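Letters A, B, ... are given to chains in the order of the sequence lines, protein chains preceding strands, and every chain is numbered from 1. These values consider heavy atoms only, across backbone and side chains, with no hydrogens, waters or symmetry-generated copies. On a predicted model such as this, the values are computed, not experimentally measured, just so you know.
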Amino acid sequence: MNRLLWVEDLSGHIDTPKGRLHILNGVSFCVHENECFGIIGESGSGKTMTALSVLRYAERLGFQIDAGAIVFEGEDVLGFNKRRLLHYNGGRVAVIPQDPMTSLDPLFTAESQLVETLRTHKKLTVKQAKAQAYAIAEKMRIAPEKLKCYPFQLSGGMLQRIVGAAAIACHPKMIIADEPTTALDVTVQLQYLKLLRDIQDEYGAAIVFISHDMHAVSMICDRIAVMYAGRIVECASKNGLLRNPRHPYTRALIRSANLSGEVRGKYDTIDGVPPDPLAKPVGCSFADRCPHSMPRCFAETPPKTTRDDHEVCCWACQKDESKT
Amino acid sequence: MKYAVKKLVQSAVILFFVSIVIFLAVRASGDPLQSLLDPRASDAQRAALSAKLGLDKPLIVQYGIFVFDALRGDLGNSHSSGRPVLEIIGEKLPGTVVLSIMALLIAILFTLLLGTLAAVKKNRAADRIVAVLSALGQSFPVFFVGIIAVQLLGVKLRIFPISGADTPLHYVLPGVLLGLCVSSSMALVLRNNLLAELESDHVKFARLRGLNERSVLFRHALRNSFSTVLSLSAFIFANLITGSIVIESVFAWPGIGELSYQAIMKRDFPLVQGIVLIFAILIVSLSLLTDILHAALDPRIRLGKEEMQ
Ligand SMILES: Nc1ncnc2c1ncn2[C@@H]1O[C@H](COP(=O)(O)OP(=O)(O)OP(=O)(O)O)[C@@H](O)[C@H]1O
Ligand SMILES: [Mg+2]
């Protein structure tokens with residue numbers, strides 16, 4: 001499979017009045033063409049900031065990249081000039097935003113915002129763009145008359161499909177969906193995710209699906225990355241990760257998600273709290289919550305080790321392997 | 001269209017209540033006979049004048065006559081000069097109307113220019129300058145700024161004529177001053193609104209869709225924040241009307257402001273009533289105009305929230 005997006009050792013911070021927040025601390029992963037790649041991790045682990053960095057939007061929030069590279073289709077994304085960036089956003093990489101209720105301009109109809117997106121990236125007359133907008137709407141199961149509506153006249157589920165349509169309108173190579181379903185109720189969520197996968201198959205786009213919901217991620221993703229305190233700590237195929245989780249954090253996460261659905265007295269939770277981003281991380285960020293931590297874990301950052309396309313950053317896992 | 005009709009009916013209802021308030025307020029302000037008659041006049045003379053002016057009838061009847069006549073376009077005759085009120089007002093109205101419409105347009109222009117500039121150059125020199133200007137505009141009375149402008153540009157430099165409304169050049173100084181004084185508060189409102197709008201989800205999504213900065217700023221952000229500014233029309237008109245009365249007196253402008261001062265001093269009931277009524281009609285129709293403009297910009301107002309599905 002071809003590598004579409006490649007993020008290598010990405011680190012960055014935001015300066016706030018309280019001090020420097022170390023938000024990303026060496027994020028590495030890659031997304032292949034056509035696949036559905038999931039990023040999972042608890043709130044504040046840096047999932048959104050990773051996505052926004054890939055989109056080159058993070059800098060607008062004051063996020064500064066200290067080190068690392070982002071390569072998309074062999075091109076250096078961090079080196080894009082303004083013009084290339086405009087085409088990259090929306091034309092090559094699209095986003096499905098978290099809150100569909102507020103993500104469309106309230107003063108324009110759904111149709112006009114779709115047409116606007118299409119005409120930004122393709123040389124089309126208004127008439128051609130309208131025809132394409134209706135074709136895409138049909139794919140996303142949006143009734144044609146809904147396109148004539150203003151956002152305030154539509155339900156959350158319908159708006160979600162419309163922002164989805166806006167995202168795929170220009171046939172991007174990659175769609176980033178950052179918790180695209182948190183505003184929807186559960187049944188609509190599942191429908192939406194299925195719809196997204198169907199479209200993806202047809203259009204041949206990769207999806208990066210960001211969530212803290214293990215159920216949703218395991219339902220639609222081919223490969224899953226687990227993020228903790230600004231790093232990807234484990235990354236593997238869905239089955240590899242769910243059946244054979246290696247990082248202690250991943251194991252805890254899967255246990256607490258209770259995927260098998262067996263009835264238990266209480267859900268497992270992970271003791272302790274994630275590290276404060278104000279402190280520059282030394283060693284493994286999970287060390288003080290980890291049942292297997294060793295002195296080395298507190299002193300040195302574990303490097304990435306790969307076996308059978310299963311990547312993990314953990315000293316304990318390395319030790320286990322060397323034994324076998 | 002439905003929206004316009006609804007607004008029109010609303011305006012009529014407002015005017016009806018305004019007419020009651022005007023009628024009562026004028027009568028509460030004092031006895032007109034005192035200023036019209038010699039203090040030594042006999043009771044018989046008083047009664048005769050009172051009957052002649054219709055002041056001896058019960059209040060409700062007086063009000064009925066006032067409304068009925070007003071609907072026919074007759075606001076009565078001035079007590080002091082005996083000429084029809086409408087005629088007197090008619091002479092002075094165009095000056096005021098032209099001045100305030102001009103000031104409103106200038107205010108909108110300045111608001112858009114200064115507010116957008118300040119927001120785009122946030123925390124930079126241009127933003128600071130706009131902030132200082134609008135603080136000055138709000139804290140210095142129009143009166144004060146008007147007199148300085150008259151002294152500097154009119155008397156010293158002789159660029160603009162300073163009194164009356166004879167040539168188009170006469171309109172420049174009062175129009176711009178009034179416009180500036182209205183826009184000084186509006187520009188800040190627009191700036192803050194625009195800044196919030198630029199960080200909103202829909203602007204973020206517009207950027208992530210790859211729209212260029214021009215579309216993002218003018219088509220999406222500015223339109224939304226200007227629409228919010230327009231929804232403050234009541235506040236804008238309060239500024240405009242109070243400002244125009246002051247400006248008229250500074251520039252000896254032949255308008256309603258000057259006329260109303262005289263009418264109140266003479267307790268000329270019909271004239272005061274007429275002026276206040278005309279003012280009310282002016283404000284109501286101007287705000288009707290902005291409301292319709294606002295509705296043209298914002299579908300949520302045009303279509304009404306109740307059409308939600
Ligand atoms: N604009 C900002 N200014 C300062 N800090 C920020 C900003 N945005 C995010 N952060 C911080 O960056 C860290 C990572 O945030 P991010 O939004 O990427 O987390 P996330 O994994 O997406 O969490 P969630 O699941 O809650 O969406 C958090 O500690 C957050 O407080
Ligand atoms: Mg997030």
Atom group of A:Leu52 that falls short of 4.5 Å from chain B, counting heavy atoms: side chain
Heavy-atom distance under 4.5 Å to chain B: side chain of A:Ala94, backbone, both or neither? neither
Can you list the steps and then say if A:Glu116 with B:His220 is a side chain to side chain contact (heavy atoms under 4.5 Å, CB included)? CA-CA 11 Å; A:Glu116 181 186 32; B:His220 294 290; 2.7 Å; yes
Value rounded to 0.5 Å, distance of CG in B:Asn224 from CG in A:Leu107: 4.0 Å
From the list A:Thr120, A:Asn89, A:Leu86, side chain to side chain contact (heavy atoms under 4.5 Å, CB included) partner of B:Leu211 resolves to A:Thr120
Which atom of A:Leu104 lies closest to which atom of B:Phe205, heavy atoms considered: CD2-CE2, 4.2 Å
Rounded to the nearest 0.5 angstrom, the CG-CZ distance for A:Asp105 and B:Arg223 is 8.0 Å
Cationic N near anionic O, under 4.0 Å, B:Glu213 to A:Arg60: yes
Where do A:Tyr150 and B:Arg302 come nearest, in terms of heavy atoms and distance? OH-NH2, 2.8 Å
Hey, could you give me the OG1/CG distance between A:Thr117 and B:Leu208, rounded to the nearest 0.5 Å? 11.5 Å
Please find the pair of heavy atoms, one from B:Pro299 and one from A:Pro106, that lie closest to each other, and give the distance. CG-O, 3.4 Å
Let's go through A:Tyr57 and B:Lys204 carefully: what are the C-alpha distance in whole Å and the side-chain angles of both, what is the deciding distance for side chain to side chain contact (heavy atoms under 4.5 Å, CB included) to 0.1 Å, and is it a yes or a no? CA-CA 9 Å; A:Tyr57 189 87; B:Lys204 179 180 176 187; 3.4 Å; yes
Mark yes or no for whether A:His121, through its side chain, and B:Arg209, through its backbone, hold a donor-acceptor pair below 3.5 Å. yes
Under 4.5 Å from a heavy atom of chain B, the part of A:Arg56 involved: neither
Going by atom types only, do B:His202 and A:Gln113 share a side-chain donor-acceptor pair under 3.5 Å? no
Are the side chains of B:Asp201 and A:Pro97 in contact, using a 4.5 Å heavy-atom criterion? no
Taking atom CD1 of B:Ile301 and atom CZ of A:Phe152, what is their separation to the nearest 0.5 Å? 9.5 Å
Counting neighbours of CD on A:Glu138 that are heavy atoms of other residues, nucleotides or ligands and sit closer than 6.0 Å, is the number greater than 12? no
Report the option among A:Ala167, A:Ser103, A:Gly91, A:Pro172 that has the most heavy-atom pairs separated by less than 4.5 Å from atoms of chain B. A:Ser103
